[in-house]
Amino acid sequence: MEKMKNIWKWIALVIVIAAVGIGCFFTGSRIETSKYQAEQELNVKLNRSDLDGLGEIDGTIYVAGHKSPDADTVGSAIAYAALLKKLGYDAVPVVLGDINNETRFVLKEGGIETPQLLEDASGCNMVLVDHSEYTQSADGLRDANVVSIIDHHGDGSVTTGNPLIYDARPIGSTATIIWIRYRNYGIEVDPQAAFAMVGSILSDTKNLKSNTTTFADREALRALAEIAGIKDTDTFYQKMYQASISYEGKTDEEIFFDDYKEYESGGKKYSIGCVNAYDEASAADLVNRMAKVIPGTLASTGMDMSFAQVSIFHDDISITYLVPGDDAAREVLETAFGEKAEYNGTSFRLEPGISRKQVLVPAINQILEAYPHE
Ligand code: MN
Ligand code: MN
């Protein structure tokens with residue numbers, strides 16, 4: 001009997017100790033949670049304070065990507081304008097030209113309206129996304145009020161002299177930088193913006209396969225696809241790719257200008273038009289058509305030289321054909337890639353293929369700066 005009493009005492013003691021322990025644990029974790037929340041709130045406040053630094057902005061803010069708008073440029077403009085709107089600004093996304101077939105596919109699938117065309121930026125408040133070069137931006141930009149630049153290319157020619165938000169990061173797509181900014185501002189992405197951003201990331205990183213892809217791009221794609229309700233991003237990318245290689249209803253000149261960018265280096269102006277092909281036969285056909293069309297574009301664009309870059313990039317195939325527009329352009333490619341590429345009299349063939357931004361532009365710049373003509 002006495003023994004039984006002792007056992008009950010021990011059990012009671014164990015229960016009391018356990019209860020006190022559990023109580024302490026929960027109070028502790030509550031303190032931990034609220035400390036964490038306070039840290040998060042401080043983080044959001046710190047990040048949002050850059051907006052206060054912009055001061056009062058009178059009138060609408062136009063969010064614009066580059067000319068020859070691609071899926072990243074358009075998705076980023078839509079997403080960043082939506083973010084600014086949620087933060088209380090009067091912001092609208094705009095485009096600086098006809099969107100390409102890939103972007104058209106993304107917007108159509110997402111039920112998203114094509115942003116309106118901005119003819120001239122003079123006197124406008126501007127946010128630039130996915131570029132920072134005057135040559136690639138809106139007409140009249142030198143007379144505009146640039147309040148922010150969000151980009152993942154090299155620092156370009158646009159300067160303002162004003163305090164501005166300049167968020168440039170070497171990651172796979174501008175939309176990923178914008179996703180990070182949403183997180184830093186403590187704002188949820190809405191499904192339509194998320195849908196457009198999925199298109200941006202898939203397009204610029206070529207379904208996370210290009211060597212520009214970072215951890216942030218993978219995380220952003222996963223999170224945004226879930227919000228957008230896109231279950232299979234591989235299949236979605238395949239459809240985007242099919243749309244991107246269909247140049248249906250376009251003339252050779254329109255194909256050259258479909259994904260076209262202008263640059264300046266060593267006192268020379270040059271441009272590169274990127275073209276996608278599905279296989280070697282269609283690539284060879286496009287190479288010949290681009291070789292014929294480029295020389296005629298030099299006068300109207302005012303370029304010193306122009307190139308076309310025809311790429312096959314899907315599944316495990318990665319090939320680039322570089323097409324020089326004239327002899328000067330051919331000499332530049334010969335110097336840059338002569339040892340690595342096969343030249344057949346029309347184009348230089350590189351396997352694996354190369355990125356315009358990461359390889360081709362730096363290589364051309366290096367040569368133009370090293371051997372300035374005149
Ligand atoms: Mn772009
Ligand atoms: Mn981009």
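First listed ligand is number 1; within each ligand, the first listed atom is number 1.
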Run the salt-bridge test on Asp259 and Arg356 with the 4.0 Å N-O cut-off and return the result as yes or no.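 A salt bridge links Asp259 with Arg356.
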Between Glu351 and Arg349, does at least one N-O distance fall below 4.0 Å, as a salt bridge requires?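 A salt bridge links Glu351 with Arg349.
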Report all side-chain donor-acceptor pairs from residues 286-300 shorter than 3.5 Å, counting only partners two or more places apart or in another chain.
| from | atom 1 | to | atom 2 | distance (Å) |
| --- | --- | --- | --- | --- |
| Asn288 | ND2 | Ala284 | O | 3.3 |
| Arg289 | NE | Asp252 | OD1 | 2.8 |
| Arg289 | NH1 | Asp285 | OD2 | 2.8 |
| Arg289 | NH2 | Asp252 | OD1 | 3.0 |
| Thr297 | OG1 | Ile294 | O | 2.6 |
| Ser300 | OG | Thr297 | O | 3.2 |

Validate the cation-pi geometry between Arg181 and Tyr80: distance from NZ or CZ to the six-membered ring centre under 6.0 Å, angle to the ring axis within 45°.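 Checked: cation-pi criterion not met.
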What pairs of residues pass the salt bridge (charged side-chain N to carboxylate O under 4.0 Å, His left out) test when at least one of them lies in residues 303-327, not counting sequence neighbours?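 Found Asp327-Arg330.
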The Mn ion (ligand 1): which protein N, O or S atoms are under 2.8 Å away?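 For the Mn ion (ligand 1), the protein N, O and S atoms that sit under 2.8 Å away are His66 NE2, Asp70 OD2, Asp130 OD2.
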Look at the N, O or S atoms of His152, main chain and side chain alike, and state whether any lies under 2.8 Å from the Mn ion (ligand 2).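 Looking at His152, which is the residue asked about, there is an N, O or S atom under 2.8 Å from the Mn ion (ligand 2).
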Test of understanding: with side chain to side chain donor-acceptor pair (under 3.5 Å), list the residues that count as partners of Asn211, not counting sequence neighbours.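 If we apply the side chain to side chain donor-acceptor pair (under 3.5 Å) test to Asn211, skipping adjacent residues, there are no hits.
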